[in-house]
Amino acid sequence: MVAILPPTLVSGIIEPLQLVKVRPATPTTLAKNLKGISDLPLNINRHYLRSELRHRGVHAEFVDAWMGHWLDGQEPMGRFSTLSPLDFSSSIEPVLSEILNEMGWLPEEGLS
């Protein structure tokens with residue numbers, strides 16, 4: 001697969017309108033491209049978030065739903081699920097916002 005990237009998208013990292021080969025972001029390609037930058041496990045962000053959500057008292061069922069951890073027939077938003085979307089969002093959103101604020105993340109205007 002080949003993509004043409006507009007100059008504004010890459011901000012001078014790649015020459016304007018240069019052809020770039022797009023590759024899937026797999027654990028192997030990510031590890032290869034991050035070698036020398038970080039030796040942390042590639043899933044460190046997920047481990048941190050799961051641990052932080054549980055540490056801050058978010059119910060395990062909500063954390064599992066957020067992380068995508070469930071078995072067949074236990075889908076949190078499935079047809080026969082008893083998980084309340086209102087309870088889910090009101091429990092997890094304030095904690096996620098708090099974590100993002102503490103880490104210094106700020107909303108930015110998109111490219112469009």
Side-chain angles (χ1 to χ4, degrees):
M1 178 186 305
V2 175
I4 299 175
L5 303 177
T8 56
L9 183 63
V10 292
S11 312
I13 296 171
I14 300 173
E15 291 298 317
L17 301 180
Q18 177 181 346
L19 293 178
V20 176
K21 186 169 183 174
V22 178
R23 296 186 178 106
T26 65
T28 303
T29 58
L30 287 172
K32 184 176 117 180
N33 288 308
L34 292 174
K35 189 174 184 174
I37 296 172
S38 174
D39 294 326
L40 293 171
L42 293 176
N43 67 340
I44 191 74
N45 57 334
R46 291 178 56 80
H47 178 75
Y48 168 78
L49 183 58
R50 180 177 183 75
S51 299
E52 198 62 30
L53 289 171
R54 291 295 292 137
H55 176 74
R56 294 175 189 236
V58 177
H59 191 279
E61 184 180 17
F62 296 151
V63 175
D64 286 344
W66 181 257
M67 302 297 295
H69 297 168
W70 60 78
L71 302 173
D72 288 340
Q74 297 179 337
E75 297 87 354
M77 301 297 170
R79 183 175 179 183
F80 301 107
S81 174
T82 59
L83 178 72
S84 164
L86 294 176
D87 289 345
F88 172 71
S89 63
S90 66
S91 292
I92 204 160
E93 190 280 327
V95 179
L96 289 172
S97 291
E98 186 177 280
I99 292 168
L100 291 171
N101 287 334
E102 287 174 9
M103 294 178 77
W105 287 89
L106 298 171
E108 292 287 334
E109 190 172 327
L111 297 173
S112 58

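Asn45 CG to Glu52 CD: the interatomic distance, rounded to the nearest 0.5 Å, is 13.5 Å. For the atom pair CG of Asn43 and CG of Leu30, the computed distance is 11.5 Å after rounding to the nearest 0.5 Å. The CD atom of Glu98 sits 10.5 Å away from atom CG of Leu53, with the distance rounded to the nearest 0.5 Å.
Through side-chain heavy atoms spaced under 4.5 Å, either directly or across other Ile, Leu, Val, Met, Phe, Trp or Tyr residues, Ile44 is tied to Leu40.
Considering all non-hydrogen atoms of both residues, His69 and Arg46 come closest at NE2-NH2, 3.1 Å. Ser81 and Glu75 make their closest contact through CB-O, 3.5 Å (heavy atoms, listed as atom of the first residue, atom of the second, distance). Heavy atoms only, all atoms of each residue included: Ser89 and Pro94 are closest at O-CD, 3.9 Å.
Around CG of Asp39, the count of heavy atoms belonging to other residues, nucleotides or ligands within 6.0 Å does not exceed 12.
Neither Leu34 nor Tyr48 shares a network with the other; the hydrophobic side chains, linked directly or stepwise wherever heavy atoms of I, L, V, M, F, W or Y lie under 4.5 Å apart, form separate groups for each. Cluster membership check: Met103 shares its hydrophobic cluster with Val95, using side-chain heavy-atom separations under 4.5 Å among Ile, Leu, Val, Met, Phe, Trp and Tyr.
Using a 4.5 Å cut-off on side-chain heavy atoms (C-beta onward), Leu96 and Leu49 make contact. With contacts defined as side-chain heavy-atom distances shorter than 4.5 Å, the pair Ile99/Arg56 qualifies.
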Output, in order, the C-alpha distance, side-chain angles, deciding distance and verdict of side chain to side chain contact (heavy atoms under 4.5 Å, CB included) for Leu83 and Phe62. CA-CA 9 Å; Leu83 178 72; Phe62 296 151; 3.1 Å; yes

For His59 and Ile92, what are the C-alpha separation, side-chain angles and deciding distance, and is it a side chain to side chain contact (heavy atoms under 4.5 Å, CB included)? CA-CA 9 Å; His59 191 279; Ile92 204 160; over 6 Å; no

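The aromatic rings of Phe88 and Trp66 are tilted relative to each other, their planes meeting at an angle between 30° and 60°.
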